[in-house]
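This chain uses plain numbering: 1 for the first residue, then up along the sequence.
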Amino acid sequence: CAVAPVAGFHHACFARGSGFCTFNGLMVTALVLRRERPLIRVGILDFDQHYGNGTADIIRELGLHWVQHYSAGAWWDQPEQAERFLAEIPKIMQPFERCDVLLYQAGADPHVNDPLGGWLSTAQLRERDRLVFGTCKAMGLPIAWNLAGGYQRDAAGTIRPVLDIHDATLQECAEAWL
């Protein structure tokens, strides 16, 4: 298990940056891994609030059949979907069993108080991460994850609410892997 304490990544497309992403770190990582290990199969599990359009674009443009990609932002975004989403995570992760590594985009912006998100509670975000890390551990699937999304501010204007969500992701990672 590894963590990259950086955010963004999934909106940058094949030929241009997009959203808050100047480059697509998920795809850069996948391509470097493939160059280092030509037979590797990479999974990308994107649980940011927003669809990873750039990742999908690069996979399509380069014909990367060895990348398994799932972006929750294409399917899930309503509070009434939250419990069903959590129940579906093990099923969502089944196709990644065939991968050699999983890149996990752990978005903070699905939080109910996020101005660009708004459908998972703090406890539900923790459960999301617990399920992802626990499922990877049970599968014996190495995981590398990065921070993503998160646009909340506290009364003082700081990003402390986002950092609290990222801290909880790190805690769930440690619970599963340490």
CA sep, side-chain torsions, deciding dist, call: L62, I59, side-chain contact (heavy atoms from CB on, under 4.5 Å): CA-CA 5 Å; L62 297 179; I59 291 168; over 6 Å; no
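- At a threshold of 4.5 Å between non-hydrogen side-chain atoms, the residues P110 and L125 count as touching.
- Summarising the geometry, atom CZ belonging to F9 is positioned 10.0 Å from atom OG1 belonging to T55; distances are rounded to the nearest 0.5 Å.
- The two residues P90 and A87 have their closest heavy-atom pair at CD-O, 3.5 Å.
- Here the side chains of I44 and M27 are in contact, with some heavy-atom distance below 4.5 Å.
- Side chain of Q124 to backbone of S121: a donor-acceptor contact under 3.5 angstrom is found.
- Taken from CZ in F133 to CG in L141, the straight-line distance is 12.0 Å, to the nearest 0.5 Å.
- The structure places CD of Q81 at 9.5 Å from CG of L120, a figure rounded to the nearest 0.5 Å.
- A salt bridge links D167 with R160: at least one charged nitrogen is closer than 4.0 Å to a carboxylate oxygen.
- Here Y104 and F96 keep their ring centres 6.0 angstrom or further from each other.
- Shortest non-hydrogen contact noted between G118 and P79 is O-CG, 3.8 Å.
- Aromatic ring centres of Y51 and W75 lie farther apart than the 6.0 Å criterion allows.
- In this structure, W177 and I143 have side chains that are in contact, with non-hydrogen atoms separated by less than 4.5 Å.
- Residue pairs satisfying the salt bridge (Lys or Arg N to Asp or Glu O under 4.0 Å) criterion with at least one member in residues 60-80, sequence neighbours excluded, are listed as follows: D57-R60.
- Minimum heavy-atom separation, L116 to Q49: O-CG, 3.3 Å.
- You'll find the side chain of F14 stays beyond 4.5 Å of the side chain of N24, heavy atoms only.
- Nearest heavy-atom pair, G150 versus V162, reported as atom, atom and distance to 0.1 Å: C-CG2, 3.5 Å.
- Cluster membership check: V112 does not share its hydrophobic cluster with L86, using side-chain heavy-atom separations under 4.5 Å among Ile, Leu, Val, Met, Phe, Trp and Tyr.
- To the nearest 0.5 angstrom, D114 atom CG is 5.5 Å from D109 atom CG.
- Of all the heavy atoms in G149 and H166, the pair that sits closest is O-NE2, 3.9 Å.
- Using a 4.0 Å cut-off between charged side-chain N and carboxylate O, R130 and E172 make no salt bridge.
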Stepwise side-chain contact (heavy atoms from CB on, under 4.5 Å) check, Q105 with F47: CA-CA 6 Å; Q105 175 115 323; F47 278 175; over 6 Å; no
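- A pairwise comparison of heavy atoms in C173 and W145 identifies SG-NE1, 3.4 Å as the closest pair.
- Distance check: E83 CD to E88 CD gives 12.5 Å after rounding to the nearest 0.5 Å.
- M139 is listed as a side-chain neighbour of M93, based on a closest heavy-atom distance under 4.5 Å.
- Put simply, OG1 on T158 and CD on Q152 are 10.5 Å apart, with the number rounded to the nearest 0.5 Å.
- At least one side-chain heavy atom of N146 sits less than 4.5 Å from a side-chain heavy atom of L26.
- The shortest side-chain heavy-atom distance between L103 and L45 does not fall under the 4.5 Å cut-off.
- In this structure, the side chains of V42 and D100 stay at 4.5 Å or more apart for every pair of heavy atoms.
- Cluster annotation: Y151 and I159 are assigned to distinct hydrophobic clusters (Ile/Leu/Val/Met/Phe/Trp/Tyr, side-chain heavy-atom contacts under 4.5 Å, transitive).
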Pair up each side-chain donor or acceptor in residues 64-72 with any protein partner under 3.5 Å, not counting sequence neighbours, and list the distances.
from	atom 1	to	atom 2	distance (Å)
Q68	OE1	R41	NH2	3.1
Y70	OH	W76	NE1	2.8
S71	OG	G52	N	2.8

